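Structure, as structure tokens:
Order of the sequence lines fixes the chain letters, A, B, ..., with proteins taken first and strands second; residue numbering starts at 1 for each chain. Source: prediction; values computed, not measured.
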Number of protein chains: 2
Amino acid sequence: MKGSEHKNFIPNLSFDCVIFGFNGNLLKILILEYQNTGLFALPGGFVEENQSLDDAVKQGVKDRTGLDNVFLDQFYIFGEVNRADPEHMKRMLVANNDDTKENRWMLERFLTVGYYALINYEEVTPKPDHLSDSIGWYSIDELPKLMMDHNKIAEKALEVLRSNLSEKLIGMNLLPSKFTMKQLQLVFESVLDQQLRRTTFQRKMLSLDILERHEKLFQGKAHKAPYLYSFK
Amino acid sequence: MKGSEHKNFIPNLSFDCVIFGFNGNLLKILILEYQNTGLFALPGGFVEENQSLDDAVKQGVKDRTGLDNVFLDQFYIFGEVNRADPEHMKRMLVANNDDTKENRWMLERFLTVGYYALINYEEVTPKPDHLSDSIGWYSIDELPKLMMDHNKIAEKALEVLRSNLSEKLIGMNLLPSKFTMKQLQLVFESVLDQQLRRTTFQRKMLSLDILERHEKLFQGKAHKAPYLYSFK
DNA sequence: GGATTATTGTCGTAAAATGAGACAATAGGT
DNA sequence: ACCTATTGTCTCATTTTACGACAATAATCC
């Protein structure tokens, strides 16, 4: 009877999204806390029968965090048999008075597709959905214990982000459309978790011919004002 | 009633495997031809209810090609709504007299997980399973028209293999355990589809400190015999 | 207004990696 | 014994990166 009770969703398949943001200093991940359970989790969801996976994730991220128009990339499917502890899901359903027959399918085995998202921390305010009573940013090295295998999923997302950062030049998605060279360097340093040499970084970025230089940014500080850049 | 008729499989989810082999000259992919249909396809299959995805793929590759102990890596999940043409599946079922009620679930929408495999072309002989009447190697630039979106899947696999080759040093899986520098270079050249400079390649590989040098290989040719190497 | 301070943009030189070719060492063939 | 094709290594030029020097400058402090 797998999943047939809930006509809208592909059974046994979910997605979870690791949403990265950069607060100017630290790389953070968006975490939901479920009502009355003390359970922390990545925002995730299910795929409707006639909905593409990408659309489902786009929609799910919007529904659960209020974030729209987000850079999204699929990075792995987690297919271990016992990756999902049904006890977690059960606690969540009970706490929400959703522990009905129609929702028992959620207790089955699930494979989950991992996505990561990059967003401009400053320009958006995430909003929790009806299932969650809070939504919050957590530094990547100070994550709470997450439900099921979500810590593992977040770790893998960071790995993939690291290896994609320089190659695919996706760092821009963590910044406002105009930014200083220093900000860009801080993004690289946080993601790669290593210090970079200022002059080398600047020369490298400029030589790639991917940046457009704009007006200067006067920050009211007692020193030379940096230029603003955007990606071409 | 999704999938509930066939008690063993996760519904709406399949896998397909792009098996690469190198014949000493060209990079090739293993393709199945289904009995009495003229349909070509990548070897694939379904995931049992209590089987991990990785195990399902391992088992599936073994069942459908006879290949065992293969280097496997997951690279993408294809989740478009209309990616699978049910007409293809139907023809296949009819041709096998499998067009029974119990198998109708195979005509539904499927998401498929793409894996690629790297095997030593010379040491294994693929064998078709009962569904297929032939199994064959096809050069990556001379693939036949494959069923559903399998051509797209193969293309994506090659892309990922390309970007992983140097970074993750997986080329060895396409060669016997001992090989010459020339053979290794040919693998790189076929995968990357570009010529490499012999001396630069040799120096680079040796400097990486990943190769062990063994005895010379005497090929009966009128010139200096090359050393054999293996990966450390 | 002139000196002070912190940061930025740019350059120069050193070091490392890569490109491109030279050349001697072979394993056999003639 | 000489010839041929290929291999392993070296040298030198070029490119990329590391690392530090330095001048420009936006505000603040006398």
Quiz item: Can you tell me how far CD of B:Glu215 sits from CG of B:Leu228, rounded to the nearest 0.5 angstrom?
Solution: 5.0 Å
Self-check item: DNA chain C: 5'-proximal contact among A:Arg203 and A:Ala222 (nearest heavy atom)
Solution: A:Ala222
Exercise. Calculate the interatomic distance between A:Arg213 atom CZ and C:dG9 atom C1'; express it in whole Å.
Key: 7 Å
Quiz item: Below 4.0 angstrom from OP1 or OP2 of C:dA27, is there any side-chain N or O of B:Lys216?
Solution: yes
Quiz item: Are any non-hydrogen side-chain atoms of B:Phe71 and B:Asp73 less than 4.5 angstrom apart?
Solution: yes
Quiz item: Looking just at side-chain N and O atoms, do B:Ser14 and B:Thr112 make a donor-acceptor pair shorter than 3.5 Å?
Solution: yes
Quiz prompt | Pair A:Tyr76 + A:Phe78: ring centers closer than 6.0 Å | solution = yes
Quiz item: For B:Tyr229, is the NZ or CZ atom of B:Arg213 found under 6.0 angstrom from the centre of its six-membered ring and inside 45 degrees of the ring axis?
Solution: no
Quiz item: A:Tyr227 OH to C:dT10 C1': how many Å, rounded?
Solution: 11 Å
Quiz item: If you look at every heavy atom in A:Glu189 and A:Leu196, which pair is closest and at what distance?
Solution: OE2-N, 2.9 Å
Exercise. Examine C:dA6: is either OP1 or OP2 under 4.0 Å from a nitrogen or oxygen in the side chain of A:Lys224? Give yes or no.
Key: no
Exercise. Tell whether B:Arg198 reaches the base of D:dG8 with its side chain through a donor-acceptor pair below 3.5 angstrom.
Key: yes
Exercise. Measure from CG on B:Leu228 to C1' on C:dA27 and round the result to the nearest Å.
Key: 15 Å
Self-check item: Atom-to-atom span, CZ of B:Phe179 to P of D:dT7 - whole angstrom
Solution: 15 Å
Practice problem: Would you kindly give the CD-to-C1' distance between B:Gln195 and C:dA20, to the nearest whole Å? | Solution: 15 Å
Self-check item: Spacing of A:Gln219 atom CD relative to D:dT28 atom C1', expressed in whole Å
Solution: 16 Å
Practice problem: Nearest-nucleotide wise, let me know which of B:Met181 and A:Lys221 is further upstream toward the 5' end of DNA chain D. | Solution: B:Met181
Quiz item: Counting just side-chain N and O atoms, does B:Lys204 come under 4.0 Å of either OP1 or OP2 of C:dA17?
Solution: no
Quiz item: Of the nucleotides C:dT10, C:dG19, D:dT17, which has the atom closest to the A:Gln202 side chain?
Solution: C:dT10
Quiz item: Starting at CZ of A:Phe201 and ending at C1' of D:dT16, how long is that distance when rounded to a whole Å?
Solution: 17 Å
Quiz item: Among the nucleotides C:dT10, D:dA24, D:dT7, which one has an atom lying closest to any side-chain atom of A:Leu206?
Solution: C:dT10
Quiz prompt | Closest to side chain of A:Thr200, choosing from D:dA18, D:dA26, C:dG9 | solution = D:dA18
Practice problem: Choose from C:dG9, D:dT9, C:dG21 the nucleotide whose nearest atom is closest to any side-chain atom of B:Arg197. | Solution: C:dG21
Quiz item: When all nucleic acid strands are considered with a 4.0 Å heavy-atom cut-off, which category describes B:Ser207: base, sugar-phosphate, or nothing?
Solution: nothing
Quiz item: What about A:Thr199: does its side chain form a donor-acceptor pair under 3.5 Å with the base of D:dG20?
Solution: yes
Quiz item: Quick one: B:His223 NE2 to C:dG28 C1', roughly how many Å, whole number?
Solution: 9 Å
Practice problem: With the side chain of B:Lys182 defined as its heavy atoms from C-beta on, choose the nearest nucleotide among D:dT7, C:dG19, D:dG8. | Solution: D:dT7
